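Note sheet for the following structure.
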Amino acid sequence: MYVAVKGGERAIENAHRLLAHERRGDRDVPELSLPQISEQLSLGVDRVMTEGSLYDRELAALAIKQARGDLIEAIFLVRAFRATLPRFGATEPVDTGAMQVRRRISSTFKDIPGGQILGPTFDYTHRLLDPQLAGGFSPETPAVGEASATATPRVTDILGRDGLIEPSPAADADAPVGDLTREPLNFPADRDLRLQNLARADEGFLLALGYSSQRGYGRNHPFAGEIRFGEVEVEFMAEDAGFAVPLGSIALTECQMVNQFKGSATEAPCFTRGYGLAFGQSERKTMSMALVDRSLRARELGEEVIAPGQDEEFVMSHSDNVQATGFVEHLKLPHYVDFQSELGLLRKLRQEFAEANEAPQMQEAAE
Amino acid sequence: MNAPAYNFAYLDEQTKRMIRRAILKAIAIPGYQVPFASREMPMPYGWGTGGVQVTAAILGPDDVLKVIDQGSDDTTNAISIRKFFGKTAGVATTTATADATVIQTRHRIPEAPLHAGQVLVYQVPIPEPLRFLEPRETETRRMHALGEYGLMHVKLYEDIARFGHIATSYAYPVKVNARYVMDPSPTPKFDNPKMDDCPALQLFGAGREKRIYAIPPHTDVVSLDFEDHPFTRYRFDAPCALCGAGDSYLDEIVTDDKGGRMFVCSDTDYCESRQSAGHRGSESAAPHKERAHG
């Protein structure tokens, strides 16, 4: 006698209960607070805000806690919440040239107006596990210097004054702001939508693609013209008041890659740009993004499209980790109806194969 | 912290209107894949977000909803989606095919014939029937526009040359209204004939791929084939072990590790209705109902 498998509803509820229990872990260990996550796991929070496309440290910290530290799951939680938020409009373009810089480096010039500022960075740390951090360690207060009165102009602007680098395309203030979360994406996509896609894209995916471009799969000869991290003002044009109202400031990382030149009989050669921008301090992300942005400009710049990183449909269709993880993990769902169909076909093909291979032998035996 | 407040059937009205416009366009051009601005839903892509968005956009307070996965009302994902709408829309739910006004499905079309006024909403993973022949969307859109389906026929022909049969057993391509080649979603090809001249409206939602398409009631839907290799349905040749049905699609249940197998209806509602009408199979048992619990 066979009893059909049932009980899914209770199984789901119990699984959720068990998940909540596992998330909490050993109850003798103090529970994580959201400020602890946003203060002490801040780069994880930055990544969740960037790829979740929502600047809210507290919600990102909550998502990380709820996701048990699985950042892609946390990004998914933030995205699902973001999708329900009303849109009031678009802010004015942020001016990263006026950034309150906390870190700023250029690999193309030894010294630059405003100076090289290392800021908080893992660069030049020796990657030795630090037992002091295991508990109760209180770090020194950071060194403080005089704020420089000089401005910190963007390195690409310095190059641009001499025409050595292509100008950034001027923004059309009246054009609607493209948004691939509100309009279906069509190919070929313009650079604004490509950059939006890359800003939301999985850091690991972009890292691998950017790396592949450095290793020769669509090489584009980059220099890190400038990486800067700090706070910028966000302003919103209030139609009623007739002027832009400051909404506050956000932390951003910007990377401008300077790439090998283009030029023609009619156009003087100049460097080309690759651009990366992300919330918080996200250097690996913005550098990878800038490499891939430049790679994706292959068609526009008359380069042969031969590598995955140059292929906009390939990159944009597979860069989103929420989409990717959903589809990969959906293989966990039951597929037994289709599998049964395949089984039936395979059995039939095998049977025909066996019959076809038996037939000549039987004929021989009969002779 | 911003406490989330959600609209009837989760989606905001503006999003629903956007989806309804896509649905109307899809109905106007049967089998054509309409791009829509798919939202991030609170369940993963690949787990029915397209179907959920279509259902959310068409659901009204008086609707009666049925959700099936693999033909069954009580597979985990079907339960999860049914609970989602029970919670966000408060609509009545049912497992009876005949009583439902909206049926969301993954991988099956119910065995009981659908009637006028019903809507069958399919969850679709890859809406593009040509995708595995041509990975580029820019190319496949052009092929659809020109009605250039030779590649698909070559694929089916190559199957016959290699295996002696068309080696597609599910997601078997169909031609809708003598114009667009369409992916019926990964239903077994057994279900293909049910799409033809169906009195119910059939809507297909692909969330991750951001496409909606439709088969309006009583539309011609033809499974692709050749004159000398006509389309055939596949069904394991046995009656259902529980209800004795000889016409339903069967799941294969492995009963031991010594080659023991039994075959039962994949459509649980169909099977249970037959059993309550007194039909019996070789292994009949009263279907075990999940106990209510608080």
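Everything quoted here is computed from the prediction, not taken from an experiment.
A distance below 6.0 Å separates the ring centres of B:Tyr10 and B:Phe84. Two rings, from B:Phe231 and B:Tyr172, have their centers less than 6.0 Å apart. Not less than 6.0 angstrom separates the ring centroid of B:Tyr234 from the ring centroid of B:Phe190.
The choice from B:Asn77, B:Asp69, B:Thr138 that makes the most heavy-atom pairs within less than 4.5 Å of chain A is B:Thr138. In terms of heavy-atom pairs under 4.5 angstrom with chain A, the leader among B:Lys189, B:His107, B:Lys83, B:Gln14 is B:His107. Between chain A and the residues B:Gly71, B:Pro42, B:Pro186, B:Ala78, the most heavy-atom pairs under 4.5 angstrom are made by B:Pro186. For the set A:Glu342, A:Glu352, A:Gln340, the entry with the most heavy-atom pairs within less than 4.5 Å of chain B is A:Gln340. Of the listed residues (B:Arg82, B:Arg108, B:Arg208), the one with the most heavy-atom contacts under 4.5 Å to chain A is B:Arg208. Taking chain B as the reference chain and counting heavy-atom pairs below 4.5 Å, the highest number among A:Glu329, A:His335, A:Glu183, A:Arg347 is found for A:His335. With chain B as partner, the option from A:Ser341, A:Gly344, A:Ala83 having the largest number of non-hydrogen pairs under 4.5 angstrom is A:Ser341. Contact tally against chain B (heavy-atom pairs below 4.5 Å) for A:Asp320, A:Asn186, A:Leu180, A:Val322: the top residue is A:Val322.
Scanning for ring pair (Phe, Tyr, Trp, His ring centres under 6.0 Å) contacts around B:His165 gives an empty result, with sequence neighbours left out.
The parts of B:Arg136 that come within reach of chain A are both its backbone and its side chain, each placing non-hydrogen atoms under 4.5 angstrom from that chain. B:Thr76 touches chain A through backbone and side chain together, each having a heavy atom under 4.5 Å away. Only the backbone of B:Phe36 comes within less than 4.5 Å of a heavy atom of chain A; no side-chain atom from C-beta onward does. Neither the backbone nor the side chain of B:Arg235 comes within contact range of chain A; no heavy atoms are under 4.5 Å apart. Using a 4.5 Å cut-off between heavy atoms, A:Leu343 contacts chain B through its side chain alone, with no backbone atom that close. Only the side chain of A:Leu349 comes within contact range of chain B, judged by heavy atoms closer than 4.5 Å. At a 4.5 Å heavy-atom cutoff, the contact between B:Ser266 and chain A is made by side-chain atoms alone. Using a 4.5 Å cut-off between heavy atoms, B:Thr187 contacts chain A through its backbone alone, with no side-chain atom that close. B:Ala167 touches chain A through backbone and side chain together, each having a heavy atom under 4.5 Å away. Of the two parts of B:Leu250, only the backbone, made up of N, CA, C and O, holds a non-hydrogen atom closer than 4.5 Å to a non-hydrogen atom of chain A. Neither the backbone nor the side chain of B:Met18 comes within contact range of chain A, judged by heavy atoms closer than 4.5 Å. Proximity to chain A is limited to the side chain of B:Phe263, based on heavy atoms less than 4.5 angstrom apart.
Here the closest heavy-atom approach between residue B:Asp74 and residue B:Thr268 is recorded as OD1-CG2, 4.5 Å. Residue B:Pro127 comes nearest to B:Tyr213 through the heavy atom pair CB-CE2, 3.6 Å, listed as atom of the first residue, atom of the second, then distance. The minimum heavy-atom distance linking B:Gly48 with B:Gln104 is given by the pair O-NE2, 3.9 Å.
By the 30° and 60° cut-offs, the orientation of the rings of A:Phe314 relative to A:Phe205 is tilted.
Side-chain atoms of B:Glu252 never come within 3.5 Å of backbone atoms of B:Met262 as a donor-acceptor pair (strictly under, hydrogens ignored).
A salt bridge links A:Glu312 with A:Arg194; the closest basic N to acidic carboxylate O contact falls under 4.0 Å. Comment: A:Arg57 engages A:Asp46 in a salt bridge, judged by a side-chain N to carboxylate O separation of less than 4.0 angstrom. Salt bridge status for A:Asp179 with A:Arg87: present, with a side-chain N to carboxylate O gap under 4.0 Å. For the pair A:Arg191 and A:Glu300, the salt-bridge criterion is not met [side-chain N within less than 4.0 Å of a carboxylate O]. No salt bridge links B:Arg17 with B:Glu13; every basic N to acidic carboxylate O contact stays at or beyond 4.0 Å.
Only one option out of B:Lys210, B:Arg211, B:Arg142 pairs with B:Glu137 in a salt bridge (Lys or Arg N to Asp or Glu O under 4.0 Å); it is B:Arg211. For the pairing with B:Cys243, the side chain to side chain contact (heavy atoms under 4.5 Å, CB included) check across B:Ser248, B:Ser273, B:Cys265 returns one residue only, B:Cys265.
Annotation: residues 69-80 of chain A contacts chain B through A:Phe76, A:Arg79, A:Ala80 [non-hydrogen atoms, separation under 4.5 Å].
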